[in-house]
Amino acid sequence: MSDDLRVAVLGVGMMGSFHASTLSTAVKGATVTVINDFSAGTAAKVSAGIPGSRVVADPFEAINADDVDAVVIATPGAAHEEQVLACLERGIPVLCEKPLTTGIDTAYRIVQREAELGRQLIQLGFMRRFDTEYAELRALIADGGLGAPLMVHCTHRNPDVPPHFNSEFMIRDSVVHEVDVVRFLLDTEITAITVHKGLATSRAPEGVNDPMLVVFETSTGAVATDEIYVRTGVAYEVRTEVVGETGSALIGLDQNLVRTTTDGRWGGTLTPGFVQRFGAAYHAELQRWVNAARNGTIDGPGAWDGYAAVAVCEAGVEAVRTGQRVEVRMSPRP
Ligand SMILES: NC(=O)c1ccc[n+]([C@@H]2O[C@H](COP(=O)([O-])OP(=O)(O)OC[C@H]3O[C@@H](n4cnc5c(N)ncnc54)[C@H](O)[C@@H]3O)[C@@H](O)[C@H]2O)c1
């Protein structure tokens, strides 16, 4: 349709190709017009599956193309800063995959630049906020259904990950989701972080602490834990339990899946990967972003949420390195 939001997708590896496909096949009001990737072969292959799209080799040319109204950034974190800033300079909405950037100073510079413009143009890809279970849990807490929240217990397990997932990368790339979940559910900031490194699985490469137990302290005094274990060999298991003064609630039990009782046994199937668990959330995230971007704004976690997550993960990486409790350093919100 002629009034569709015309979107450029930068970086069409695992996440970007999924977003491009969802935008093109399932999201209303959007057309993917431009595909960009450092790998010409990858870009050509993905573009071939997206009718009406063309390949633009340079990411900045893609951002500034005449047939682009908004941008999805799914390049690796190190490329985000320059690409997000280029979207801000052009004044167009951008959905940037987490992390916002890979450094606290660069993330804050982006927050400041957006504040100078006086318009919210940056949305962060924290898709769990669009998952029905997380949204219902947040509403339950906000409505006082659990009384004052005292503790949060998170579990984040993957069946396997590529070898570059070392201890620090696990904090920046995986734990970052729980950082946002805790901030989202409790509506508070994380003030300090400690990382306990126990016995590593024999599947972990030499020197990699997998699993780890992360402990977050928050500004209300509520404590949150996150077991991060990315080489379980089992399935994708993401669970969150909130313990309040008058009750507790647990999500992530794959209750949507069929339970079987056969041969005197009962059970079901765990989700094999993040797409099966959060596919609907990615779709909702993109649909709401497209609706908002057509009006020149965002509808979801913004640059400040991206900055806060970077700040906590920066402290988390220091906690891994030093074995100490590390306080989160955040500059004031502009
Ligand atoms: N929200 C989520 O649940 C979720 C899940 C997975 C990944 N991610 C995030 O998505 C981003 C991409 O992750 P991925 O797993 O798809 O990685 P990937 O390696 O599969 O894909 C990245 C792609 O970007 C291309 N690329 C690299 N540098 C580029 C540049 N400067 N300009 C243009 N293209 C470039 C690469 O050639 C590759 O095709 C990361 O920020 C990651 O943290 C988010």
Side-chain angles (χ1 to χ4, degrees), residues 10-11 13 15-16 36 38 59-60 63 71-90 94-117 120-127 156 161-162 164-184 189-195 207-209 212 214 216-217 219 226 228 230 298 300-334:
L10 312 187
M15 198 69 252
N36 161 263
F38 263 16
F60 301 101
I63 290 165
V71 177
V72 171
I73 296 179
T75 53
H80 292 180
E81 180 195 358
E82 286 190 343
Q83 294 175 350
V84 170
L85 283 172
C87 294
L88 286 185
E89 291 322 308
R90 196 177 166 204
V94 52
L95 175 63
C96 177
E97 264 308 336
K98 52 82 189 167
L100 177 56
T101 70
T102 49
I104 190 165
D105 294 337
T106 50
Y108 193 61
R109 196 150 56 239
I110 286 177
V111 168
Q112 285 179 307
R113 186 72 193 107
E114 189 191 50
E116 283 162 15
L117 290 178
Q120 278 203 293
L121 289 172
I122 303 165
Q123 183 165 327
L124 260 287
F126 289 124
M127 80 299 180
H156 184 148
V161 291
H164 66 269
F165 270 70
N166 59 30
S167 310
E168 293 186 13
F169 195 83
M170 285 162 63
I171 300 285
R172 290 189 198 278
D173 213 75
S174 303
V175 173
V176 65
H177 279 298
E178 274 73 27
V179 169
D180 189 63
V181 158
V182 170
R183 295 183 66 253
F184 175 64
E189 292 297 352
I190 294 170
T191 52
I193 181 167
T194 311
V195 180
V208 174
N209 302 105
M212 297 184 282
V214 181
F216 301 113
E217 296 164 46
S219 50
D226 181 24
I228 179 69
V230 296
I298 66 164
W304 179 256
D305 299 299
Y307 166 70
V310 170
V312 175
C313 290
E314 196 81 5
V317 167
E318 194 182 329
V320 169
R321 283 185 193 144
T322 62
Q324 304 293 311
R325 170 185 178 275
V326 178
E327 294 196 355
V328 177
R329 287 178 291 276
M330 278 174 68
S331 300
R333 189 169 187 163

K.L.:
Check whether any side-chain heavy atom of N209 sits under 4.5 Å from a side-chain heavy atom of M170, and report yes or no.
P.N.:
no
K.L.:
Which pair of heavy atoms, one from L88 and one from L117, lies closest together, and at what distance?
P.N.:
O-CD1, 3.5 Å
K.L.:
With a cut-off of 6.0 Å (strictly less than), are more than 12 heavy atoms of other residues, nucleotides or ligands near CD of E82?
P.N.:
no
K.L.:
Taking the side chain as every heavy atom from C-beta outward, state whether T106 and V310 have any pair of such atoms under 4.5 Å apart.
P.N.:
no
K.L.:
Between E114 and L121, is there a donor-acceptor pair closer than 3.5 Å when you use the side chain of the first and the backbone of the second?
P.N.:
yes
K.L.:
Which atom names give the shortest non-hydrogen contact between V111 and A303, and what distance separates them?
P.N.:
CG2-O, 3.6 Å
K.L.:
Is there a side-chain contact between P99 and H80 in this structure, where contact means two heavy atoms from C-beta onward sitting under 4.5 Å apart?
P.N.:
yes
K.L.:
Please report the C-alpha distance between M212 and I171 in whole Å, then the side-chain angles of each, then the deciding distance to 0.1 Å, and finally whether the side chain to side chain contact (heavy atoms under 4.5 Å, CB included) criterion is met.
P.N.:
CA-CA 9 Å; M212 297 184 282; I171 300 285; 4.1 Å; yes
K.L.:
Kindly assign one of parallel, tilted or perpendicular to the pair F165 and F169, based on the angle between their ring planes and the thresholds 30° and 60°.
P.N.:
perpendicular
K.L.:
Between D180 (side chain) and H177 (backbone), is there a donor-acceptor pair under 3.5 Å?
P.N.:
no
K.L.:
Would you call the rings of Y307 and Y108 parallel, tilted or perpendicular, where under 30° means parallel and over 60° means perpendicular?
P.N.:
tilted
K.L.:
Taking the side chain as everything from C-beta on, heavy atoms only, tell me whether D173 gets closer than 4.5 Å to K98.
P.N.:
yes
K.L.:
Is there a donor-acceptor contact under 3.5 Å from the side chain of T75 to the main chain of G11?
P.N.:
no
K.L.:
A side-chain contact here means heavy atoms from C-beta on lying under 4.5 Å apart; do V214 and E178 qualify?
P.N.:
no
K.L.:
If you look at every heavy atom in F60 and A86, which pair is closest and at what distance?
P.N.:
CD2-CB, 3.7 Å
K.L.:
Nearest 0.5 angstrom please: N36 CG to L10 CG, how far?
P.N.:
5.0 Å
K.L.:
At their closest point, which heavy atom of A309 faces which heavy atom of V176, and how far apart are they?
P.N.:
CB-CG2, 3.8 Å
K.L.:
Drop me the distance from E314's CD to I193's CD1, to the nearest 0.5 angstrom.
P.N.:
11.0 Å
K.L.:
Can you name the closest pair of heavy atoms from S174 and I228 and give their distance?
P.N.:
CB-CD1, 3.5 Å
K.L.:
If every non-hydrogen atom of T102 is compared with every non-hydrogen atom of A78, which pair is closest and at what distance?
P.N.:
CG2-N, 3.8 Å
K.L.:
Is the shortest heavy-atom distance from the side chain of I122 to the side chain of I298 under 4.5 Å?
P.N.:
no
K.L.:
Name every donor-acceptor pair, under 3.5 Å, that has one atom in a side chain of residues 327-334 and the other anywhere in the protein, sequence neighbours excluded.
P.N.:
residue, atom, partner, partner atom, Å
E327, OE2, R325, NH1, 3.3
R329, NH2, E318, OE1, 3.2

K.L.:
Donor-acceptor pair, distance only, cut-off 3.5 Å: does the side chain of T101 make one with the backbone of E81?
P.N.:
no
K.L.:
Taking the side chain as every heavy atom from C-beta outward, state whether R183 and I190 have any atom pair closer than 4.5 Å.
P.N.:
yes
